[in-house]
K.L.:
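Here you go, one structure.
Every number for a ligand or one of its atoms is a count from 1 in the order of the listing. Below, each value reflects all heavy atoms present in this structure, side chains not excepted, and no hydrogens, waters or symmetry copies.
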Amino acid sequence: MQLKDVNLTAEQVQELTKKYMIETYERFPFVAVKAKGMEIFNEKGEAYLDFYGGIAVNALGSCNEKIIAAVQQQIAEIGHVFNYPYSIAQAVLAELVCKETGMDKIYFQSTGTEANEAMIKMARKYGTEKYGPEKYHIVTALNGFHGRTYGSLTATGQPGSVLHKGFEPLLPGFSYAEFNNLKAFEDAVTENTIAILLEPCQGEGGVRPATKEFMAGIKKLCDEKGLLLLLDEIQTGIGRTGEFMAYQIFGVKPDIVSMAKAIGGGLPLGAVAATAEVASVFVPGSHGSTYSGSPVCCAAGYAAVKQIVDLNLSKNAKEVGDYFAKKLETLPHVKEVRHMGLLIGVEFDIPKALDIKHTAIDKKLLTTAIGTSIIRMVPPLIATKEDCDKAFDILKAAVEEVSK
Ligand SMILES: Cc1ncc(COP(=O)(O)O)c(C=O)c1O
């Protein structure tokens, strides 16, 4: 939809939004009217370099032609049919993702938080059916992020934060332990624990990768205690970190993994993939959702994931991510650069992340800020070293300007 189609100016769009929408986001100061590849264009036709990728969604950049064609074909041939008939798009995407992840079975959802709800429900059902009614507790990591619906929100180990505040009481059966601290997890596990749930690299928590030792220790702990390992790869999955899934870098296979964001190629799609044994607890009636595995979303997802695999974009994410991270270390006021592939966090020694973000937007670079001192970048996986050079120059100018 363009401004001329509804006879509005960009200012009027912003006024309508402020008047009628419940706003929970800090908006960029422009109306996005078009996008292509690594660029998003405002109402004046000015291009912004996209280093947030719709928050790790647009792995192939914006308006990828194969995704557009797949969506157009699917919506023209069959739109929504619910999960009664078999669906071609579901079947081929299920096969592709199971093969790439090494998992046996997949269940489609529409969002990341829903994928985590399904993962939590599957783990609880497995635990209570196999071991007894108290075996449903899950230990998750402090500073993690798993989504906004109640199960995922409770799993989000940020007690007292704005995420939890006002929404208590949360669900029973969750406890939190310090990320990257194996002893803390060992201590948190009780006889009622069925699973440990983690992000292999905490994204919203400030881009903090797990250490190899920690992940190996968690897997050993799970094996020894008969616990399920649940990994949330909603942000890290589908090529972003340098392998198809981040757990392949750690050499640690989960019992269930959740995915979303890039898997839908820009349409709302999430999924949980599991071993056949754990997946077997979901039977007709156990779980469901009207839009689960929507053919249009699965067609977009298949076009996206197939290209990510065929173009080996995980390799690009690793090469370009390593190059960019090294360069970012030379920025002024850098305290630490953390990254896995093209999931990159720059922590500054000045509490000016928001100012840096805004100044970079003025200079036509889009990033996101986490807390007071971290800039997070999750650009499309098609990003080149030249794109990173451009982003670096803008960030450098922004940091210099705000630290004057
Ligand atoms: C690791 C992780 N888990 C869960 C979610 C929630 O996904 P969604 O926003 O699609 O519900 C996110 C979103 O940023 C995420 O990064």
K.L.:
Flag the pair Lys19 and Glu15 as a salt bridge only when some basic side-chain nitrogen lies within less than 4.0 angstrom of an acidic carboxylate oxygen.
P.N.:
no

K.L.:
Number the atoms of ligand 1 from 1 as they appear, then name those within less than 4.0 Å of a heavy atom of Asp232, with their elements.
P.N.:
1 (C), 2 (C), 3 (N), 4 (C)

K.L.:
At under 4.0 Å between heavy atoms, which part of Glu114 makes contact with ligand 1: side chain, backbone, both or neither?
P.N.:
neither

K.L.:
Checking side-chain polar atoms at under 3.5 Å, does Asp50 have a donor or acceptor matched by the opposite partner on Asn58?
P.N.:
no

K.L.:
Could you tell me whether some N/O pair between Glu199 and ligand 1 is separated by less than 3.5 angstrom?
P.N.:
no

K.L.:
What distance do His80 atom NE2 and Tyr291 atom OH have between them, rounded to the nearest 0.5 Å?
P.N.:
6.0 Å

K.L.:
Which heavy atom of the protein is the closest neighbour of atom 16 (O) of ligand 1, given with residue, atom name and distance?
P.N.:
Gln235 NE2, 2.7 Å

K.L.:
Is Thr113 in polar range of ligand 1, meaning some N or O pair under 3.5 Å apart?
P.N.:
yes

K.L.:
Do you see a donor-acceptor pair shorter than 3.5 Å between the side chains of Thr236 and Thr241?
P.N.:
no

K.L.:
Please identify which atoms of ligand 1 are closer than 4.0 Å to at least one heavy atom of Asn116.
P.N.:
3 (N), 4 (C)

K.L.:
Starting at CD of Glu319, measure out to OG1 of Thr384 and round the result to the nearest 0.5 Å.
P.N.:
12.5 Å

K.L.:
Any idea which of Cys201, Ala56, Gly112 brings a heavy atom closest to atom 10 (O) of ligand 1?
P.N.:
Gly112

K.L.:
Taking C-beta and beyond as the side chain, do Asp232 and Asn116 meet within less than 4.5 Å on heavy atoms?
P.N.:
yes

K.L.:
Any atoms of ligand 1 less than 4.0 Å from a non-hydrogen atom of His146? List them with their elements.
P.N.:
3 (N), 4 (C)

K.L.:
Does any donor atom in the side chain of His146 or Glu117 lie under 3.5 Å from an acceptor atom in the other side chain?
P.N.:
no

K.L.:
Under 4.0 Å, heavy atoms only, figure out whether ligand 1 is touched by the backbone of Lys261, its side chain, both or neither.
P.N.:
side chain

K.L.:
Measuring from the heavy atoms of Ile55, does anything fall under 4.0 Å of ligand 1?
P.N.:
no

